[in-house]
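Only one structure is covered here, and it is reproduced in the block below.
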Amino acid sequence: MHRLIFYELDKIWRKRSFILSICVLMIINLFLLWYINTPELKGTTEENYIDELYEEQQKVAGYKEYLRSVQESKDNLSSISIFKKQGQNDYAARNIEKSAKDYSGLSGKNIRWMPSKSLKISMESVWTDLLLILSVLLFSGNLIFAEKDKKLFYITRSTKNGRLQSGIAKIAALFVHCTIITILFYGMNLIYAEITIGFGDLTADIQSVAIYMESNLQISILEYIIYSVLTKGFVFFATGTVIMAFCIFADRIVTAFLLYGISYIAYLTIPAVEKWSVFKYINLIGILETQKLYGSYLNFNIGGYPVSRLVLTRSIIIDLAISGITLSILLFVYG
């Protein structure tokens with residue numbers, strides 16, 4: 001099987017047109033990093049920049065007070081009798097209780113302030129995600145349509161075992177591609193940020209970065225980077241399996257763009273604070289914001305009960321991958 005997986009990868013990666021396309025996407029990504037962020041850095045006066053750093057440092061310095069306020073909210077809730085009688089079934093009361101429990105394991109002992117700009121530039125690039133989506137579309141499309149165009153698609157599917165093994169190999173090749181290409185692109189972002197701005201102590205807790213101070217996870221900045229990048233890679237794989245199913249079923253890859261188009265519209269139009277805000281964050285665009293999964297804290301109101309965004313999004317990603325893999329194999333074997 002591993003030889004078949006390598007064959008599926010090799011026949012795409014060795015194509016000059018595909019290599020050229022990936023190189024062009026990487027150059028565009030690097031250019032956008034420079035074009036978008038250089039004017040911002042040059043336009044920031046020394047005095048304003050110092051003020052910004054001072055505000056971040058003060059915010060992080062008050063982290064222990066922030067943790068104390070979360071627990072005090074729970075204590076105040078418990079001390080008010082009206083909440084005891086009527087508020088226990090209320091979402092707000094449950095959310096306060098859950099927040100206090102989620103933050104209870106944090107102490108702030110490994111907090112060493114680090115400026116947020118380098119992480120923000122490298123880990124929150126919408127353009128990088130868009131270019132990676134294009135790379136997944138290119139890989140998935142070439143994986144299926146190249147064989148369709150040359151009539152090889154029907155030869156590889158001539159026997160039952162051939163169809164199944166070929167389908168599994170294609171899915172495994174897609175997983176390898178998504179993982180490697182995501183590491184490659186975000187590695188480029190991190191190197192650019194290190195050269196232009198620089199990082200601090202990556203072994204410090206993620207709460208050392210002001211914009212990620214609300215995270216309730218006991219992870220370091222380095223672990224945050226690793227988890228975010230690997231999760232993005234798996235998200236691209238999960239969506240890629242659905243795209244692969246579209247490619248097997250359809251004659252043109254254009255139909256796959258509908259998935260992202262609908263998700264993007266939902267992400268833009270659904271308010272962030274309404275009851276239905278869950279659908280803003282669990283669609284294909286929302287789940288790509290992995291930096292917010294590990295760098296922020298958010299609960300959804302599901303039937304009056306608070307459900308962690310991290311837990312729900314992970315479940316959605318896994319379900320999407322399982323659905324895409326199942327659909328792709330069924331279409332490849334029986335379609």
Side-chain angles (χ1 to χ4, degrees), residues 59-60 62-108 111 116 123-124 126 205-207 209-219 223-224 227-228 231-232 234-235 238-239 262-323:
K59 184 177 180 180
V60 173
Y63 182 66
K64 291 185 178 180
E65 286 72 17
Y66 172 74
L67 292 178
R68 192 178 300 114
S69 68
V70 173
Q71 300 303 323
E72 286 176 353
S73 297
K74 176 189 174 184
D75 296 338
N76 292 336
L77 176 66
S78 300
S79 65
I80 301 176
S81 59
I82 187 173
F83 278 105
K84 289 183 179 180
K85 295 178 181 179
Q86 301 177 357
Q88 291 181 347
N89 295 324
D90 182 72
Y91 168 76
R94 292 193 182 105
N95 192 42
I96 292 175
E97 292 278 355
K98 184 178 185 303
S99 299
K101 181 179 179 180
D102 291 341
Y103 281 100
S104 61
L106 301 177
S107 63
I111 298 295
S116 61
M123 299 302 297
E124 298 188 10
V126 176
D205 288 345
I206 186 59
Q207 293 82 6
V209 184
I211 58 176
Y212 304 137
M213 205 179 78
E214 293 183 0
S215 173
N216 68 308
L217 303 178
Q218 290 183 307
I219 58 175
E223 289 173 324
Y224 157 81
Y227 293 157
S228 296
T231 303
K232 277 184 183 290
F234 193 78
V235 171
T239 57
I262 294 171
S263 296
Y264 187 68
I265 292 172
Y267 186 79
L268 289 179
T269 57
I270 298 176
V273 294
E274 296 294 335
K275 184 177 181 179
W276 303 105
S277 63
V278 60
F279 296 106
K280 178 183 181 72
Y281 297 107
I282 64 172
N283 61 63
L284 296 182
I285 301 300
I287 61 178
L288 278 175
E289 294 187 321
T290 57
Q291 73 278 358
K292 294 184 179 178
L293 294 181
Y294 302 106
S296 65
Y297 182 80
L298 177 64
N299 292 319
F300 294 123
N301 184 355
I302 308 294
Y305 289 87
V307 179
S308 168
R309 176 184 182 177
L310 178 59
V311 172
L312 183 60
T313 303
R314 278 178 170 176
S315 300
I316 294 295
I317 295 171
I318 293 173
D319 290 341
L320 183 65
I322 293 174
S323 301

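Quick note: numbers below take in every heavy atom, side chains included, and nothing from hydrogens, waters or symmetry partners.
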| query | Got a sec, which residues hit side chain to side chain donor-acceptor pair (under 3.5 Å) with Asn216, two or more places apart in sequence or on another chain? | reply | none

| Is Leu106 close to Gln218 at the side-chain level, that is, under 4.5 Å between some pair of heavy atoms? | yes

| query | Tyr66 versus Glu214: any side-chain heavy-atom pair under 4.5 Å? | reply | yes

| Going by the angle between their ring planes, with limits at 30° and 60°, are Tyr224 and Tyr212 parallel, tilted or perpendicular? | tilted

| message | If the condition is side chain to side chain contact (heavy atoms under 4.5 Å, CB included), which residues does Leu310 pass it with, not counting sequence neighbours? | response | Leu217, Leu293, Tyr294, Ser308, Arg314

| request: Drop me the distance from Phe234's CZ to Ile318's CD1, to the nearest 0.5 angstrom. | output: 6.5 Å

| note | Nearest heavy-atom approach of Tyr305 to Arg94 is CE2-NE, 3.2 Å

| task | Give the minimum heavy-atom separation between Ser99 and Asn299, together with the two atoms involved. | result | OG-ND2, 4.1 Å

| Closest approach of Ser215 to Gln207 (non-hydrogen atoms, all atoms of both residues) | O-NE2, 2.8 Å

| said: If you compare all heavy atoms of Val60 against all heavy atoms of Met213, which two are closest, and at what distance to 0.1 Å? | reply: CA-SD, 3.8 Å

| message | If you define the side chain from C-beta out and look only at heavy atoms, does anything of Thr231 sit under 4.5 Å from Thr313? | response | no

| field | Separation of Ile206 CD1 from Ile219 CD1 (nearest 0.5 Å) | value | 6.0 Å

| note | For Val209 and Ser116 the tightest heavy-atom approach is CG1-CB, 3.5 Å

| Atom of Lys59, atom of Ala210 and distance for their closest heavy-atom approach | NZ-O, 3.6 Å

